[in-house]
Structures are given as structure tokens and as C-alpha cells.
Amino acid sequence: MTTVLVATDKPFARVAVTGIREIVNQAGFELKMLEKYTGKEQFLEAVKDVDALIVRSDIVDEPVIKAATRLKIVVRAGAGYDNIDLKACSAKGIVVMNTPGQNANAVAELAIGMLIFLNRNFFNGTAGVELRGKKIGIHAYGHVGRIIGMIAKGMGMDVFAHDPFVDKIIIENDGVKTVGSIQELYSMCQYISVNLPANKETKESITIELMSKMPEGATLVNPARKEIIHEPSLLKMFAERKDFRYATDVTPDCEAQLKAEYGTRYFATPKKMGAQTEEANINAGLAAARQIANFILKGDNTFQVNKG
Ligand code: 3PG
């Protein structure tokens, strides 16, 4: 029997698991669940006899691929697939997919929530600042960036974006102003949301050169990945610019120092929370299950990220 394993350190909402089970069973497959596992051995054991795998940020590296002798497809229920060793999968002919856009609204809402939280001083009783009328720059205009722009516009913010991979017309049709370069975006906008995936080009790409361009009252929000920030630059920026604030959904390695020294200028979620809503779990989880059923039953490889 074809077996699908859901292996998630951070569990899906129950309602999403019920939906995944229905899709998997309707396809004639069996569902296995491994949630909140405490050690890699459990993952390696669970993956041994499965045909398909659904994960979130769980690391699918060579040992996992080696242990999964029957595996045909891995679906990352989410956007970023930097947790999956594509080379190891491709070498064994394993198809890798993501579910683009499915959890984007949840991530965008969290980004705006963190901006407000920081600019109201953690709701600690002191006077903060409002976002209305201020400029926000969307660094990378993908699914998440686009929704952040929509929400920000609804809040009366002036929205700018830069993304060399998205047609200017598409961005401007959303009522968002485009700027010619990333440097310009950071120079103009007091608020920046950085929505980049983690890859060779983006790793440590947010440096002091960019951050220091931000106008007075700067807040950088990172609902994306830890690796895109150059941490020595982040520390320098905090030390040099008393107005700078940073909110992130991914704990930096220098968290202890930031927490100890910068109080309400720094906030990180204790665990990656961007996609942790019932709606996002349903959207991404069910999409992952459907994509597996469609691939195994019909050979549909839409959303495959390791083609060719
Ligand atoms: C994503 O890449 O989809 C987000 O970072 C969410 O990650 P998560 O599924 O681990 O919450």
C-alpha cells in the first residue's frame, strides 16, 4: 500500500490533519503521522517504508534520503524549501515540491503584527508611533510581500517595492510604487519587510550598507529566514543607530546579546510562528496532500522544484 508520512516537528492544527487524512485515504493511500519528534532517529525510522513525505521546516538531508528507500516524493508544506537537500533527492529521482502562496497570508499578518508590536514598545504603557502615513519598503514582492503591501495600504502606509524578478507593471497595478534598486528602497523607507528566500545569492545579503541607509525611526522586519541577515552588521546597526528596531520570526544566532542589550528595540518569536495558523495549516497541508495524490495517481508534477 502507498504510504504518506507527515513528519512535522511543529504540528499542524488538528483540523488540517483531518483534511490531509481524508485526501490521502480517498486516494487509496495510508497516512502515517510523526509529530513533535524529539530526535532525528525517530524521523529516520519513520521514513523507512514510506512512498511520500510531507514536511514543514523539518530537515530533509542525506541521512533522511538514504533511510527512505521507497520515497518518491517530498512536499514541503510551505514556501521555502531550503531545508531540503535537492541534490540528494534528485540523485535518487525523488520529486520535491513546495506549496507556494498557501501560507502567505499568515506570514504577512505576522509581519505587520510584529511591526506594530515593536512600534508600540511591546504594549508596555509608553507612547509609541503609528504606521499610518509612513513609508514601507517591500524587499522581494512574492506572495508574502504582495499581501504585506495590501495590508499596509489598508493601514494608510505609503508602499514601495523592489523585486528584479517581478514585472514592474504587476507591482504598480497593485498600487505599489517601484524603485530602481534595493539601495534606493532602504534609503527611502523607514519600515522595511524583507521577504527573501534563503539561497546562495541572498545569504547574508542584508548588510550594514543597506540597513544604515534607512531613515530615522528605522524598523526592519524579517518574517523570512535567519540566513539572509548579516549578523555582524545587525549588531553594528543596533550599536550605531539608537533609533533602529528589528523584529524577526527567525531567532538570530546573536539573540542573547540583542535581548540583553536592546530591550524593546528587538523582538523574535520564540518559535517560527509565521505559518502557524489553522488557515495556513489547512491551506498548505491539504495542498501538499493533493499534490502527492495527483503526482502518484496522475504523474502531475506541477510545483516540482527540482525539475531538470
Ligand atoms: C515557509 O517557508 O513556508 C514558512 O517559513 C513557514 O515555515 P513553517 O511551515 O516551518 O512554519
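Both backbone and side-chain heavy atoms feed into the values below; hydrogens, waters and symmetry mates do not. Note that the coordinates shown come from a computational prediction; the quantities given were computed from them, not determined experimentally. In listed order, ligands and their atoms are each counted from 1.
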Discussion item. Counting only heavy atoms from other residues, nucleotides and ligands, does the tally under 6.0 Å from NZ of K236 exceed 12?
Written reply: no
Discussion item. Would Q102 count as a contact residue for ligand 1, given that I'm defining contact as a non-hydrogen atom of the residue lying under 4.0 Å from a ligand atom?
Written reply: no
Discussion item. Would you say V176 ends up clustered with L131 if hydrophobic residues are merged whenever their side chains have heavy atoms under 4.5 Å apart, either directly or through other cluster members?
Written reply: yes
Worksheet entry | Check: N306 side chain, M97 main-chain N or O, donor-acceptor pair, under 3.5 Å | no
Item to complete: Can you pull out the closest protein heavy atom to atom 5 (O) of ligand 1? Residue, atom name and distance to 0.1 Å, please.
Response: K272 NZ, 2.4 Å
Discussion item. For Y246, I'd like to know if atom OH has over 12 heavy atoms of other residues, nucleotides or ligands within 6.0 Å.
Written reply: yes
Worksheet, complete the sentence: the protein heavy atom lying closest to atom 6 (C) of ligand 1 turns out to be A275 CB, 3.6 Å
Discussion item. Does K72 have more than 12 heavy atoms from other residues, nucleotides or ligands lying within 6.0 Å of its NZ?
Written reply: yes
Worksheet entry | Pick from K10, H143, R225, R56: the one approaching atom 2 (O) of ligand 1 most closely through a non-hydrogen atom | R225
Worksheet item: Just which atoms of ligand 1 are under 4.0 Å from any heavy atom in G78?
Response: 3 (O)
Discussion item. For ligand 1 and V107, I'd like to know whether there is a polar contact (N/O to N/O, distance under 3.5 Å).
Written reply: no
Worksheet entry | Proximal atoms of ligand 1 relative to S57 (non-hydrogen, under 4.0 Å) | 7 (O), 8 (P), 10 (O)
